[in-house]
Amino acid sequence: MTSATSRSDAKPGPTPGTPGARPKPAPPAGTPVRVTGAQSLVRSLEAVGAEVVFGIPGGTILPAYDPLLDSTKVRHILVRHEQGAGHAATGYAQATGKVGVCMATSGPGATNLVTPLADANMDSVPVVAITGQQSRALIGTDAFQEADICGITMPITKHNFLVTDPADIPRTIAEAFHLASTGRPGPVLVDIPKDVLQEMTSFSWPTELRLPGYRPTLRPHGKQVREAAKLIAKSRRPVLYVGGGVIKAEAHEQLKQLAELTGIPVVTTLMARGAFPDSHPQHLGMPGMHGTVAAVAAMQRADLLIALGARFDDRVTGQLSSFAPDASIVHADIDPAEISKNRKADVPIVGDCKEIIGELITAVQTEFDHGGKPDLTDWWTQADDWRKTYPAGYEWPDDGSLSPQYVIERIGQLVGPDAVYAAGVGQHQMWAAQFVKYENPRTWINSGGLGTMGYAVPAAMGAQFGVPGTQVWAIDGDGCFQMTNQELATCAIEGAPIKVAVINNGNLGMVRQWQNLFYSERYSNTDLGTHKHRIPDFVLLAEALGCAGLRCETKEDVDATIRRAMEINDRPVVIDFVVGKDAQVWPMVAAGTGNDEIMAVRGIRPLFDDDEVSVETTEAAAEAAGEGER
């Protein structure tokens, strides 16, 4: 069913059921039915449990839109740009654990999906993209709106299909959803020529999938699990290094059990925020370039890293040659290609994180029963000292302008941990990861691997259709927001009352920070004019797109503005938070340097090569952190 509802009667999409639950297909039964390829496509989407499709019609995909009008199970959301459709599908998938679906026509429609597909591939998000293609006889002739989208997307998808026989549509859709959602999740593209959609065929649901060689390993090897348990039992400085794979495997409960059984400190990567509660005393925070000092320091000084669904990417490890020099590595991942790719694993474990952690709990308990639980008192004394000496904090701008960190912190405190938060890319993304407290999985959605500006608004929109009863906030920068804000019109018309907090510092903030630190304050082409000229005026822009527009420029108005936004539920809300232009993200490990070079704040580097942190550094760090307190 397509929809273009007025704002007064707009309703969010269908309630999806338990977040994270896999859609349960209800394959059609009975004798084959004569249908067009397009009708077969829509029936197949219904059969695999697709609830929402984000897309834009066009010439070659148009045949599929006609039977879509008659569907009572699949809702189509008419977006304003195909990139918005792709990111919305990703946001839907991240918030629900289901497969997100987007649709576009051939040529420029399909190529506009390239960035979202690359983004989903980097972050292992289950997405199925369906594209129209020129008719079979025209493929390869440079026909109007022809592009080899399978060739273009081959490096950035888990798999893709070109369907040349309409009889293959049901099987292809079933396989695409299976591939996208199993093993290491990822995007799958299905390209269907226009004449294949128009041709008559017999619709018959496949009794089996034809995916020779695709056998994801779910159950880990018992010997490897026991070897990991032995290392855990012997370690005196272990760290649980938790990646986004734990969330994708729905393994957060098992992770908590393992952490509490062992007493090991936990760090959660940018993609794993919410996998382990921020409020838990064993949580040291986020590691990496802008992680907490305690998390970075613990990994550097560890004698054992237990990596669960993480991939040792450069933003976590810094200079790889100096990363965690004394640590043995247990690396558990469902994708064997990730193990030992960047850092050699001493104990590799291939399998689903939920299965691995479950078996690890049993094996570790056996080790503890036989040899006793290791004493981690000294390790925790050191970790707590790092936490106390280098707490999260920030400075208020010298010119009296609003602190962006304060704004984001107050959003997190007033809105609470049950909401879903999406972010664009840049300073606001890091502050949202640092200053919003995450207690639950699937409440933090961001572009971690690709770093896609413009991600927040369409991803938040997709999340809102996935979890319609939940408050969804997009924390965006004024640069990111100007890339995809047209999807607010989609939100207003289709009934997705997201809240957008535009952290308006007048600049491309993270680029400006690097220019400040590494380019002698030569600010080349980073001033957006949103302060100097107020172009665009975000409040007027919001109203033009069917949203409520608010503006906040002082600390005293922050809470009231957030509460006002929370009260508006009949349309999206955009808040223009006008903040200082010179705020920076700290801590920071400069690109290309080792994690030992982490700066807690500008000019203050913890001395990890000494057993005791210097008194001057301690006092300076405490004073700097105190400036962020109220």
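What you see is a predicted model, and the numbers here were worked out from it, not measured in a lab.
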Would you find a donor on one side and an acceptor on the other, under 3.5 Å apart, between the side chain of [X] and the backbone of [Y]?
{"X": "Q513", "Y": "V585", "result": "yes"}
{"X": "Q427", "Y": "A583", "result": "yes"}
{"X": "S40", "Y": "F203", "result": "no"}
{"X": "N112", "Y": "P108", "result": "yes"}
{"X": "Q464", "Y": "T470", "result": "yes"}
{"X": "Y92", "Y": "M461", "result": "no"}
{"X": "T36", "Y": "Q39", "result": "yes"}
{"X": "T131", "Y": "A110", "result": "no"}
{"X": "N507", "Y": "G509", "result": "no"}

With rounding to the nearest 0.5 Å, note down the distance linking [atom1] in [X] to [atom2] in [Y].
{"X": "T157", "Y": "I152", "atom1": "OG1", "atom2": "CD1", "value": "11.5 Å"}
{"X": "T182", "Y": "L218", "atom1": "OG1", "atom2": "CG", "value": "8.5 Å"}
{"X": "T164", "Y": "D195", "atom1": "OG1", "atom2": "CG", "value": "10.0 Å"}
{"X": "I173", "Y": "I192", "atom1": "CD1", "atom2": "CD1", "value": "5.5 Å"}
{"X": "I149", "Y": "S106", "atom1": "CD1", "atom2": "OG", "value": "9.5 Å"}
{"X": "D278", "Y": "E439", "atom1": "CG", "atom2": "CD", "value": "6.0 Å"}

Any heavy-atom pair between the side chains of [Y] and [X] that's under 4.5 Å?
{"X": "T153", "Y": "P155", "value": "no"}
{"X": "R512", "Y": "L508", "value": "no"}
{"X": "M510", "Y": "M430", "value": "yes"}
{"X": "T90", "Y": "Y455", "value": "yes"}
{"X": "V407", "Y": "I411", "value": "yes"}
{"X": "K499", "Y": "N569", "value": "yes"}
{"X": "L270", "Y": "H290", "value": "no"}
{"X": "R80", "Y": "I493", "value": "yes"}

Geometric class of the H159/F161 ring pair [parallel <30°, tilted 30-60°, perpendicular >60°]: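 Geometry flag for H159 against F161: perpendicular rings.
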Considering non-hydrogen atoms only, spot the tightest contact between [X] and [Y] and give its length.
{"X": "Q83", "Y": "H81", "value": "N-ND1, 2.9 Å"}
{"X": "I61", "Y": "T105", "value": "N-OG1, 3.6 Å"}
{"X": "F54", "Y": "G462", "value": "CZ-CA, 3.9 Å"}
{"X": "V42", "Y": "A64", "value": "CG2-O, 3.9 Å"}
{"X": "C547", "Y": "V574", "value": "CB-CG2, 4.4 Å"}
{"X": "P166", "Y": "E199", "value": "CG-OE2, 3.5 Å"}

Between [X] and [Y], is there a side-chain N and carboxylate O pair less than 4.0 Å apart?
{"X": "R184", "Y": "D333", "result": "no"}
{"X": "E250", "Y": "R442", "result": "yes"}
{"X": "R43", "Y": "E46", "result": "no"}

Residues N121, L450; criterion side-chain contact (heavy atoms from CB on, under 4.5 Å); working and verdict: CA-CA 9 Å; N121 193 56; L450 197 64; over 6 Å; no
Residue F144 excluded, over 12 heavy atoms near CZ under 6.0 Å: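 No - once you tally the heavy atoms of other residues, nucleotides and ligands closer than 6.0 Å, there are 12 at most.
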CA sep, side-chain torsions, deciding dist, call: I169, V196, side-chain contact (heavy atoms from CB on, under 4.5 Å): CA-CA 9 Å; I169 289 175; V196 172; 4.2 Å; yes
Option from D576, N504, T561 for which side chain to side chain donor-acceptor pair (under 3.5 Å) with R551 holds: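 Only one of D576, N504, T561 forms a side chain to side chain donor-acceptor pair (under 3.5 Å) with R551, namely D576.
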Check: E487/T484 side-chain N/O donor and acceptor closer than 3.5 Å: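 The answer is no; no qualifying pair exists.
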Between D123 and Q94: side-chain donor-acceptor atoms closer than 3.5 Å: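 No - no donor-acceptor pair under 3.5 Å links their side chains.
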Given L541, I503, T530, the one that forms side chain to side chain contact (heavy atoms under 4.5 Å, CB included) with F481: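 Going through L541, I503, T530 one by one, the side chain to side chain contact (heavy atoms under 4.5 Å, CB included) with F481 is satisfied by L541 alone.
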side-chain contact (heavy atoms from CB on, under 4.5 Å) evaluation trace for Q413 with F435: CA-CA 9 Å; Q413 291 171 350; F435 293 104; over 6 Å; no
R273 to Y438 six-membered ring, cation-pi geometry met (6.0 Å, 45°):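 Judged by the rule (NZ or CZ under 6.0 Å from the ring centre, within 45° of its axis), R273 is not positioned above Y438.
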Evaluation steps, side-chain contact (heavy atoms from CB on, under 4.5 Å), between K194 and L197: CA-CA 5 Å; K194 183 176 183 177; L197 291 170; 5.5 Å; no
